[in-house]
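First the structure, in the form of structure tokens, and then the observations on it.
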Amino acid sequence: MSHRGKMSDALKYEIAKELGVAETVKRDGGWGNVSSRDCGNIVTKAIEIAERSVRS
């Protein structure tokens, strides 16, 4: 199984900070209490970043 498409924890946390949910991750010690909407927003943002890096 390839991990090529796996998002790093560092990238997830950076995006979470940008979207204002990093405090939840930090306070609770993980991603379990981050809403599915926020997780979806993190994935959407990561895709945007990946698309920009491919185009440049």
Side-chain angles (χ1 to χ4, degrees):
M1 181 174 186
S2 171
H3 293 288
R4 185 174 62 118
K6 186 175 178 184
M7 188 183 337
S8 74
D9 287 338
L11 177 59
K12 280 193 288 194
Y13 193 73
E14 277 301 310
I15 295 170
K17 284 197 305 191
E18 191 174 318
L19 298 177
V21 296
E23 281 304 312
T24 300
V25 176
K26 189 175 179 181
R27 180 187 66 233
D28 298 342
W31 296 92
N33 289 329
V34 177
S35 72
S36 55
R37 169 178 272 161
D38 286 333
C39 288
N41 290 336
I42 290 169
V43 170
T44 299
K45 184 71 172 175
I47 291 169
E48 290 171 6
I49 292 168
E51 287 175 342
R52 280 196 307 260
S53 71
V54 169
R55 287 189 214 136
S56 8

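All values below come from the heavy atoms of this structure, side chains included, with hydrogens, waters and symmetry mates left out. Keep in mind it's a predicted model, so treat the numbers as computed, not measured. Position 1 is the first residue of the sequence; numbering continues from there.
Rounding to the nearest 0.5 Å gives a distance of 8.0 Å between CG of Asn33 and OG1 of Thr24. Here the straight-line distance linking atom OG of Ser53 with atom CD of Glu48 works out to 12.0 Å at 0.5 Å rounding. Separating the CE atom in Met7 from the NZ atom in Lys45 is a distance of 12.5 Å, to the nearest 0.5 Å.
Checking Asn41 against Thr44 by side-chain atom types alone, no donor-acceptor pair falls below 3.5 Å.
The side-chain heavy atoms of Ile15 and Ile49, taken from C-beta on, include a pair separated by under 4.5 Å. Within the 4.5 Å cutoff, the side chain of Leu19 has heavy atoms near those of the Ile42 side chain. Side-chain atoms of Glu14 and Glu18, non-hydrogen and from C-beta on, never get closer than 4.5 Å to each other.
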